[in-house]
Amino acid sequence: MKKKYGAGEKDILPKQDSLETIAAEVLTCTKCLLSKTRKNAVPGEGHLNAKVIFIGEAPGYWEDIKGRPFVGDAGKFLDSLLSEIGFSREDVFIGNVLKCRPPGNREPQPSEVQACTPYLDRQIKVIQPRVIVTLGNYSTAYVFSKGGLAFTSITKVHGKFYDVSLLGMKVTVFSTFHPAAALYYPKYKQLIIEDFKLLKERLEKEGIITY
């Protein structure tokens, strides 16, 4: 529900950031060379007041076509994982470290991460989540760096919870493998499923998931 103001009060309030403002900026962004090769930027989508944010690496082929996050085969797997813990896409927020697809799905370059992540930071500040779930190496490395955590590899930190101060707020960070990994490496599929079971238990304990 949007906050309502009395007559004249809205004019004197400071201008606040919003997911809509950030998305509009992302869609026209030219801060890195990915703007020249993308079909569509992918700002991310979900609930304004989501208690849980899921962060991946970058848009892939179908995300670039449709302008939405996780809509390919990896997205279908993520949808099933969300369903298993009692969520739909409308309950959470889903985004990426990069808002544009790297050509050929290559790995993000440091300059691209530096140019793009201020958008992600702003989205996190607007939503004020209680839990941030990182999917894969790149999102985990970035969020860990913002929270003052050391990161070596996703295989060493997945399935663990870290309570940190990040962007001026207290949040819990939980990491697992990128859903796309399950499409290529069957062993990771079971690990992701097991990690999401741990996530469900924690969210139930914290009262974030209720039935």
Side-chain angles (χ1 to χ4, degrees), residues 19 44-59 69-70 74-98 108 113 116-117 119-183 185-211:
L19 294 181
E45 64 183 31
H47 200 291
L48 170 62
N49 298 312
K51 292 183 174 64
V52 186
I53 290 180
F54 292 82
I55 304 173
E57 177 180 313
F70 285 90
K76 294 177 182 177
F77 183 40
L78 179 59
D79 287 344
S80 69
L81 292 168
L82 290 174
S83 179
E84 286 296 320
I85 64 173
F87 280 145
S88 68
R89 281 177 173 255
E90 290 74 23
D91 299 317
V92 301
F93 187 86
I94 303 174
N96 284 297
V97 170
L98 296 189
V113 174
C116 202
T117 46
Y119 293 125
L120 177 60
D121 292 351
R122 288 167 60 193
Q123 289 172 325
I124 294 172
K125 288 180 181 179
V126 168
I127 296 171
Q128 299 274 313
R130 289 175 59 183
V131 179
I132 295 177
V133 180
T134 59
L135 305 169
N137 277 303
Y138 277 88
S139 60
T140 303
Y142 180 70
V143 172
F144 270 40
S145 71
K146 300 297 287 189
L149 298 171
F151 175 73
T152 52
S153 71
I154 190 66
T155 56
K156 293 185 177 180
V157 302
H158 80 94
K160 300 177 182 178
F161 297 90
Y162 299 87
D163 295 319
V164 302
S165 177
L166 186 148
L167 298 172
M169 68 190 82
K170 298 293 185 180
V171 298
T172 297
V173 176
F174 180 81
S175 303
T176 189
F177 299 91
H178 195 286
L183 303 181
Y185 306 100
K187 67 177 182 179
Y188 290 137
K189 183 174 184 178
Q190 187 58 40
L191 289 174
I192 296 172
I193 291 172
E194 292 173 1
D195 284 348
F196 265 74
K197 289 179 181 178
L198 295 173
L199 177 62
K200 181 180 181 181
E201 292 174 1
R202 178 65 174 258
L203 296 179
E204 288 176 339
K205 181 179 179 181
E206 297 291 332
I208 295 174
I209 294 178
T210 57
Y211 300 96

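We count residues from 1, following the sequence as given.
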- The ring-ring contact (aromatic ring centres under 6.0 Å, His included) partners of F87 (sequence neighbours excluded) come to none
- Side-chain touch K76/P179, heavy atoms, less than 4.5 angstrom: no
- Measure the CG-CG distance between L120 and N96 for me, rounded to the nearest 0.5 Å. 9.0 Å
- Query: For S139 and G56, which heavy atoms make the closest approach, and how far apart are they?
  - Reply: CB-O, 3.5 Å
- Query: In terms of heavy-atom contacts, does CZ of F161 have more than 12 from other residues, nucleotides or ligands at under 6.0 Å?
  - Reply: yes
- Query: Does some side-chain heavy atom of D195 sit less than 4.5 Å from a side-chain heavy atom of F174?
  - Reply: yes
- Heavy-atom side-chain contact between K170 and S165 under 4.5 Å: yes
- Is it true that H178 and F70 have ring centroids separated by less than 6.0 Å? yes
- Rounded to the nearest 0.5 angstrom, the CG-OG1 distance for N137 and T152 is 9.0 Å
- Query: For the residue pair I127 and A50, what are the closest heavy atoms and their distance?
  - Reply: CG2-O, 3.2 Å
- Query: So, for G44 and P69, which heavy atoms are closest and what is the spacing to 0.1 Å?
  - Reply: CA-CG, 4.1 Å
- Query: R130 side chain to E206 main-chain N or O, any donor-acceptor pair under 3.5 Å?
  - Reply: yes
- Query: How many angstroms lie between CD1 in I85 and CZ in R202, if you round to the nearest 0.5 Å?
  - Reply: 13.5 Å
- Task: Could you walk me through whether L199 and F196 pass the side-chain contact (heavy atoms from CB on, under 4.5 Å) test, one step at a time?
- Result: CA-CA 5 Å; L199 177 62; F196 265 74; 4.2 Å; yes
- Item | Contact check, side chains of C116 and V97, non-hydrogen atoms, under 4.5 Å | no
- When rounded to the nearest 0.5 angstrom, what is the spacing between CZ in F54 and CD1 in I132? 11.5 Å
- Message: One pair to check against side-chain contact (heavy atoms from CB on, under 4.5 Å): I124 and I55. What are the steps and the verdict?
- Response: CA-CA 10 Å; I124 294 172; I55 304 173; 4.3 Å; yes
- Task: State the CD1-CG distance between I192 and L135, to the nearest 0.5 angstrom.
- Result: 8.0 Å
- Query: Do you know the tightest heavy-atom contact between F77 and A182?
  - Reply: CE2-CB, 3.5 Å
- Any donor and acceptor pair, going by atom type alone, linking the side chain of T140 with main-chain N or O of G136 inside 3.5 Å? yes
- Item | Contact check, side chains of K197 and E84, non-hydrogen atoms, under 4.5 Å | no
- Message: The test is side-chain contact (heavy atoms from CB on, under 4.5 Å); show your working for Q123 and L19 and say whether it passes.
- Response: CA-CA 6 Å; Q123 289 172 325; L19 294 181; 4.0 Å; yes
- Task: Check the pair D121, Y142 against side-chain contact (heavy atoms from CB on, under 4.5 Å), reporting the backbone distance first and the verdict last.
- Result: CA-CA 10 Å; D121 292 351; Y142 180 70; 2.8 Å; yes
- Query: Parallel under 30°, tilted from 30 to 60°, perpendicular over 60°: which one fits the rings of F144 and Y162?
  - Reply: perpendicular
- Message: Give me the atom names and distance for the closest heavy-atom approach of H47 to E90.
- Response: CB-O, 3.3 Å
- Rounded to the nearest 0.5 angstrom, the CD1-CG distance for I94 and D79 is 6.5 Å
- Message: Minimum heavy-atom separation for G147 and L166, please, with both atom names.
- Response: N-CD1, 4.0 Å
- Take E45 and R89 through the test salt bridge (Lys or Arg N to Asp or Glu O under 4.0 Å) and record every step on the way to the result. CA-CA 8 Å; E45 64 183 31; R89 281 177 173 255; 3.3 Å; yes
